[in-house]
Structure formats: C-alpha cells, structure tokens
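Everything on this sheet refers to the single structure shown next.
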Number of protein chains: 4
Amino acid sequence: MDRRPGRPRSEETRRKILAAAIGELEQRGYGELTVEGIAARAGAGKQTIYRWWSSKADVVLDAMLEHAAAAIAVPDDGSLAADLDAFLAATFKQRGLRPVLTGLMAEALLDPAFHDEFRDRFLFGRRAALRGIFERAAGRGELAPDTDVELLLDIVFGVLWYRLMLDHAPLDEQVGRELAALLTAAAGNGGIT
Amino acid sequence: MDRRPGRPRSEETRRKILAAAIGELEQRGYGELTVEGIAARAGAGKQTIYRWWSSKADVVLDAMLEHAAAAIAVPDDGSLAADLDAFLAATFKQRGLRPVLTGLMAEALLDPAFHDEFRDRFLFGRRAALRGIFERAAGRGELAPDTDVELLLDIVFGVLWYRLMLDHAPLDEQVGRELAALLTAAAGNGGIT
Amino acid sequence: MDRRPGRPRSEETRRKILAAAIGELEQRGYGELTVEGIAARAGAGKQTIYRWWSSKADVVLDAMLEHAAAAIAVPDDGSLAADLDAFLAATFKQRGLRPVLTGLMAEALLDPAFHDEFRDRFLFGRRAALRGIFERAAGRGELAPDTDVELLLDIVFGVLWYRLMLDHAPLDEQVGRELAALLTAAAGNGGIT
Amino acid sequence: MDRRPGRPRSEETRRKILAAAIGELEQRGYGELTVEGIAARAGAGKQTIYRWWSSKADVVLDAMLEHAAAAIAVPDDGSLAADLDAFLAATFKQRGLRPVLTGLMAEALLDPAFHDEFRDRFLFGRRAALRGIFERAAGRGELAPDTDVELLLDIVFGVLWYRLMLDHAPLDEQVGRELAALLTAAAGNGGIT
DNA sequence: ACATAATCGAGACGGTACGTCTGGTCTTTAC
DNA sequence: GTAAAGACCAGACGTACCGTCTCGATTATGT
C-alpha cells in the first residue's frame, strides 16, 4: 500500500518513457540516444527521467528488461546436450536485441556505476540460468568432477557476446548445436560416459 | 618519396599527440578522454588532430597499436597445447591495456565506422595470429578434420573479451592453461591422437 | 499575467549579462568583445545568451538602450536655432558612447538582420525626436514651405555619424552651433523671416 | 627596372586574387568573406595573400581602388552649383559599390589600423577632390569668407554615407541637386553675390 | 476544508566538449 | 631565392546535451 503523502508516481508516464526509449533506440540507434530526445518523444519533463533513473543507460536497461521479461525460460530436458541446445536456441532467437545489448555494453564499459548494475541486473541473471543447467548435468554425472563450470559459462557467453559485438560470424542455431557438442565433449571427458 | 609541395606532416607532432593520448588515458581514463585535452597536453591545435584522425578513438587506436606493436610474437613450440599456452600467457600479460581495450570496444559499439576500423586493424590481426597456430596444429594432425576453427577462435577471444569486460573472474596464466587443455581435448576428439 | 509553463526567465541574469557586456566594452573595446567573455564575466552560460539574443551586437544594443534610456530629452525652447542647438549639445555630450555606437554600426553593416533592428530600435528613435523639432519649427513658419525635412535630418545625423566614424574633426558644441546656424539659414530661405 | 634577384612577383596572381575578392564579395557578401575563400577561388596560397596584404579588408580596398580607379573625375564647370551637381551625380552613379563600401567601413570601425588606411587611401582622396571644388568656388568669391569648408565637406559625405549605410532613402541625382542647392544657398549667404 | 507533500510538464540555468573556422607562422617543393 | 602549397598553433565560433533548478498545476494523505 502507498501510504506516503503527495502525488503518487504516474505509471502511465513510466510506461511512456520506457516506450519512448525503445522508440528512439529503434529509430536512431543507441549512439544517438539522448535524454532530451526521450523526454521530448515521451512528452515528459527531463527531470521526471532523472528522478527515477540515473542515466539514459538505466532507462534502456529497464526498458529492455521489461520488454524481454518472460522471454527466456530455462529448459529442463533431462540431458546436458538437449538443455544447452535449447538454451542457446532461445537466446539466439533474441537477435533483434543486438543494437540494444551492444549499446548497454558500451555504456557499461564507459561508466563503472552502470557496469555493476548491468552485470547484476542482466548478465548475472542469464549466467545463473545457464549455471543451473550445468549443475543439474553435474548432478546427473554428466560432467567430469573437476570441471570448471565458471569457465564453461564464460565460453558460452564469451562466444555469444564476441559474435554479438564483432558481427563477423552468424549467431544461429547451428552455432548453438556446435557449441553444445563441443562443450559436452570437453566437459564429459573423464566423466561417467 | 614525398614529392608533394607544402610543409610535410610533422612526425614530432604526431608522436606528441599519440603520447598525450596515452597520458590522458592513464591519468583520467577512457571515459574522460577529450580531443580538447589531448590537444592541450600535446601542445597541438585541435585542427591538427582532426586533420589526421577522424575521432578520439582513432587516435587511441593508433597510439595503442604503436605502443604495443612488437609486443606479442606468435609462438611455435611444436604442439598445439604448448603454442596455445604461450599465446594466451603472452596475451594475458598485457592486462595493463584493459582500460584502453574496453574503451576502444565501447567506441566501436557506438560508432559503426570505428567498429570496422577497430576490427580490421586490431582484432583481426590478433585473430589471424591465433588462426596460424590452429592451422599448424591441423597440419600436424592434432585437430579433428571437421573442426570449426573459427568457433575455436571465437571461444578463445570470447572468453578473453568477456572476462576483460565483466572483470568478474581472473584473466591469468592458469585460465590460459585450463582453456588450452579444454580446447585441445575437445578439438582433438577423433583426431590422430 | 505570466501563465506559461516552465521556469521563467531570470531578470537577475538578464541584468548581469547586460552589465557584463558594458563592462567588457569599456575594458576591451567592441572589436575584442566576445560572447564567451560576456558569459564568463556575467557568470552565465553561453547558451543563455544565445537563447535571448541573436548575436553579441544584439546584447550590446539592449545594454546600450537600457543604459542610455532616459538620457536624451527633446528640447522645446521656442525657436529652431535654440532647439537644434540644445539637441545637438545633448547629443554630443554622449561622446563616451562612441566606441559602442561605432561597434554597433559595424555590426549592422555586416549583418542585415541586425541592420534592421539597429535602425528601428535606435536610429529611428533619435531621428523621430529631431523630426519633431523641425516640425514644430515648420508650424511656427521658421522653415520654407518646400523644405525637405528628411534631407535636413540626414544632414544632421550624417555629419554626426561621419565625424563619429572618421574621428577626423571635433564633435563638440561649437560644431553644433555652426550646424544649427547653417541649417536655419538654409532652411529659412524664403521662410517668413 | 626590376633589379632584385629571384623570381619576380606574379602580376597574374595579384590580379587573380583581387578578382577573386571581388567575386566572393558579389557572390557571398562582405560578411561572409574569408581569406581562405579568396585564396581558394584565386587558386593561390593563403600566404601569398598575407605576404602582400595585411587583412582581407586590405585586399578588398585594393580591389575596389583598382576597380573604380579612373571612375570619378573632378568636374570643373565654372560654378559651385554646377561642379557640386556634377560631382554628386558622378559619385551617386557608383551605387553598385554600396556593399563593398559598407563592408570596408565596417572593417574600419572594428580595426583601428585599417581605419587609418581606409581613411587615408580612400576617404581623404574623395574629400580632397571635393575640397578642390569648394576652394575654386571660394577663389571665385562664391563662398562667404568665413565659411567652414570642412563642415561643408562633412555635410556632403555625411549625407552620402548615412544614406549608404541606412539605406532608408534614395541616393540619386535629385538628392544631389537638392543638396547642392541647399549648400550653395547656405554658403553663399553673405558672399559677394 | 485545509495544510502538507510529492508528483508532473515545461523549460531556463551554468557548463563541457564538440567539430569548424580564422589569422598568422613556418617549412617544404617548384620554378 | 621568391612563390606556392599546405601543415602548424592558438583559440573564437555557434551547437548539442548535459544534469540541476524553478515554476505553477495536479493529486494524493492527514488533520
């Protein structure tokens, strides 16, 4: 319940600002994004944005999280290969987010404060989902006991981000299958088989 | 031979500008870097910078390439594991470049024109070096015939960049050895052994 | 009533900017005047100046009009010679404005938009005052009926500006008397006498 | 005879620069005039201009003096009224020079050094011509003995420049006749007649 | 009802850095 | 040995946004 006095925050304005951020992103790209432009498109005051978000990247992060909220479910198909395949397939399907993701990463690289927020609110969420998959596989004995799961995670997300950023090679389901095969082969070495 | 009339470009000024860029980077970080600051520190006119470079990222890229030119040699120790290990060890040793590299990557993510230049003049150079190592290994029969070398490259550089950017896990020689072991294991499957 | 939304214009800042313009003018002269300098001296942002004035000349015109607002009254002494004498004496007394006036005229000669503003807001005001004197004289029969009053006005202000600009001859009360005498003699020819 | 060693100054380049100045003036106006633009249009180096002229105004002054060199002859028709009439008619015929003249005057008002040069090389030349007319008239007894010739000169050129600058009233032969009539009337008062 | 308090759109404010331009100097090659 | 070409420094120019602020209107809570 909202027991504080004063005019409550306008949910409508919140939505209009996030929508405007997405709109500006699609129309002009992350590099050309300005708080001034978002405010103008949303018909909102700049102060209203600064009151609730600390930077334009913060707005975009919120917009992206809201936009892509229930998008990726964690698969549980009974085998590492199948789960990995499904996870990567679901992830790669969101390739339309490429400009948004690379823009946010750029901001994170330039602004240490946003770096932490981006990592905690987005990257570590995806990371935890994939870690769950690996841990279930370990529980089933599909991984060698001394496997460095963190390295496996970094390999998956490393390839994902590297191709996202460089845009020099496809990021499709075939890559997902290849990567899943390579990782199961490598991680299974010495496992139960 | 330089047979054009007019005063030739000053090599001294070029060096002073690149040095000033490095200096500003070390003192204030990439995010705080300004063309104005570089010009002031170098005792050069802003126009002189804009005459020869198209953006501050362009200056930093030049400075970085010059600074780290002969730094990384391509090892050739006779086995994939040893070469990979040496390559990664040499690469990880340059961790002082982290702020510069992440700054350049941020710029590349925001500016499509610089994206291409950064990829072609820096990233693809390193990539070609590592590809050479893998191809020599393939020649020696150390890789399965159907190995997707490009994917292996993306794994190595993906992990490298992912950890460089997120800074959530160490980027040291131990990781290098682990990664080399994992890749040789995965890629050697079905090879001559 | 001021019912527009948004922060209202700061009267204090307006005054500080105009005062700074006068200060810079006195200290450094019109040629050395810069918007940057005015903003710095006023403790105001450059954008604030550009928001309300279209050029530095516009600022100086406002400052001058405000500064010299009630300065010159229109004399009414009962005879053309006396009125003319008094008008010119009062005008010539403002010789301290010479650098400002010549600066504004220079600007008007270079910028057509400012040309009109300078003419309408300053020159034509002075011109109307003198025209009043001549018209009262005509009403008293002191001028020949076919006198071209506009030409008389141009003679007075022409000599005034010509000497102001060239600075080759004095612009004092004696010249005023001489000019008044010459004009009354010329314009009275054929008058009632 | 040209006895200095080395390649002589290129008369062709000199002419091309002056012509380029006139061309830029006509096409873009004095305010938009730049040394860079003149150099580019003339196909000359900027240094070539700075070597021979001290400012863009200096170039324009030279160009104008050359362009309008033999344009105005001093009339000698035997009477003040006729001479004055002819002088003003000839002067007013050059109304095409208005943009150039006002531009030069603007420069003179902003730059004290050019002020003197403009005055000495142009204004005082015209002034001397008109003074000759008045002095011949005085010799013929057409002027009152105590006439202030300098004031008469200032009236003529004052009206001329005032109308040139303000552009609020015509500057044609009729004004010339009116002014001549008024001055002869005023100056002749008390003359021999 | 009325005071208090926090919201909102709007936009002015003091600033920073941008990328372009200019004046004037300096250093080469071309003639 | 001069002229032309063009690189150089220094710094003014007007522009775009920044993040903060102030305004008047609006919308809730608490007496």
Side-chain angles (χ1 to χ4, degrees), chain A residues 1-14 16-17 32-37 39-40 42-52 54-56, chain B residues 1-10 12-14 16 32-37 39-40 42-52 54-56, chain C residues 1-10 12-14 32-37 39-40 42-52 54-56, chain D residues 4-10 12-14 33-37 39-40 42-52 54-56:
Chain A
M1 213 142 314
D2 191 354
R3 292 237 153 272
R4 287 175 314 159
R7 177 173 177 172
R9 179 174 180 185
S10 160
E11 171 60 20
E12 154 135 21
T13 293
R14 195 189 68 89
K16 278 200 298 185
I17 288 171
E32 309 306 314
L33 203 64
T34 66
V35 172
E36 210 122 348
K46 278 199 294 175
Q47 182 66 357
T48 305
I49 295 181
Y50 283 113
R51 210 193 318 271
W52 301 107
S54 60
S55 67
K56 69 175 183 179
Chain B
M1 214 147 311
D2 190 355
R3 292 244 153 267
R4 287 176 315 156
R7 179 175 176 171
R9 181 174 179 186
S10 160
E12 154 130 23
T13 294
R14 195 189 68 90
K16 278 199 298 184
E32 310 305 314
L33 203 64
T34 65
V35 173
E36 213 122 355
K46 279 200 294 176
Q47 190 65 293
T48 304
I49 294 181
Y50 284 112
R51 209 191 321 270
W52 300 108
S54 58
S55 67
K56 68 177 182 179
Chain C
M1 215 145 312
D2 191 354
R3 290 241 158 267
R4 284 178 315 155
R7 178 174 175 172
R9 181 173 180 185
S10 160
E12 154 128 22
T13 294
R14 195 188 69 90
E32 308 306 313
L33 202 64
T34 66
V35 173
E36 210 122 355
K46 278 199 297 178
Q47 188 64 353
T48 304
I49 296 181
Y50 285 114
R51 213 189 321 272
W52 298 107
S54 58
S55 67
K56 68 176 182 179
Chain D
R4 283 178 313 159
R7 180 172 170 174
R9 178 175 181 186
S10 161
E12 154 137 23
T13 296
R14 195 189 69 89
L33 202 63
T34 64
V35 172
E36 207 119 341
K46 279 200 294 177
Q47 181 65 0
T48 307
I49 296 180
Y50 285 115
R51 207 189 324 270
W52 301 107
S54 60
S55 66
K56 68 174 183 182

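All figures in this text were calculated on a predicted structure; none of them were measured in a lab. Residue numbers start from 1 in every chain, and the chains themselves are labelled A, B, ... in the order their sequence lines are given, proteins ahead of strands.
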> Expressed in angstrom and rounded to an integer, what is the separation of C/Glu12 atom CD from E/dA12 atom P?
Replying inline: 18 Å
> What does nucleotides 15-22 of chain F look like as a protein-contact string, B for base, S for sugar-phosphate only, - for none, at under 4.0 angstrom between heavy atoms?
Replying inline: B-BBBBBB
>> How close do A/Lys56 and A/Leu33 get, counting heavy atoms only, and between which atoms?
In response: NZ-O, 3.1 Å
>> With a 4.0 Å limit, can you tell me whether A/Trp52 has a side-chain N or O closer than that to the phosphate oxygens OP1/OP2 of E/dC8?
In response: yes
>> So, using side chain to side chain contact (heavy atoms under 4.5 Å, CB included) as the criterion, who are the partners of A/Gln47 when residues are at least two apart?
In response: A/Tyr50, A/Arg51
> Can you check the B/Ile49 CD1 to E/dT20 P distance for me, whole Å?
Replying inline: 13 Å
> By salt bridge (Lys or Arg N to Asp or Glu O under 4.0 Å), which residues pair with A/Glu11, not counting sequence neighbours?
Replying inline: A/Arg14, A/Arg15
>> Please determine whether a side-chain nitrogen or oxygen atom of C/Arg51 lies at a distance below 4.0 Å from atom OP1 or OP2 of E/dC13.
In response: yes
> Considering residues at least two apart in sequence or located in another chain, which fulfil the salt bridge (Lys or Arg N to Asp or Glu O under 4.0 Å) criterion with C/Glu36?
Replying inline: C/Lys46
>> Run the side chain to side chain contact (heavy atoms under 4.5 Å, CB included) test against D/Thr13 and tell me which residues pass, sequence neighbours left out.
In response: D/Ser10, D/Ile17, D/Ala44, D/Thr48
> So, is D/Thr48 close to the F/dA3 phosphate, meaning a side-chain N or O under 4.0 Å from OP1 or OP2?
Replying inline: no
>> Please report the distance, rounded to the nearest Å, between CZ in A/Arg9 and P in E/dG9.
In response: 11 Å
>> Applying a 4.0 Å non-hydrogen cut-off, can you work out what A/Ala39 is touching in the nucleic acid: base, sugar-phosphate, or nothing?
In response: nothing
> CZ of D/Arg14 versus P of F/dA4: gap in Å, rounded?
Replying inline: 13 Å
>> Counting only side-chain nitrogens and oxygens, does B/Ser10 get under 4.0 Å of the OP1 or OP2 atom of E/dT27?
In response: no
> For B/Ser54, which residues count as a side chain to side chain contact (heavy atoms under 4.5 Å, CB included) partner, sequence neighbours excluded?
Replying inline: B/Asp58
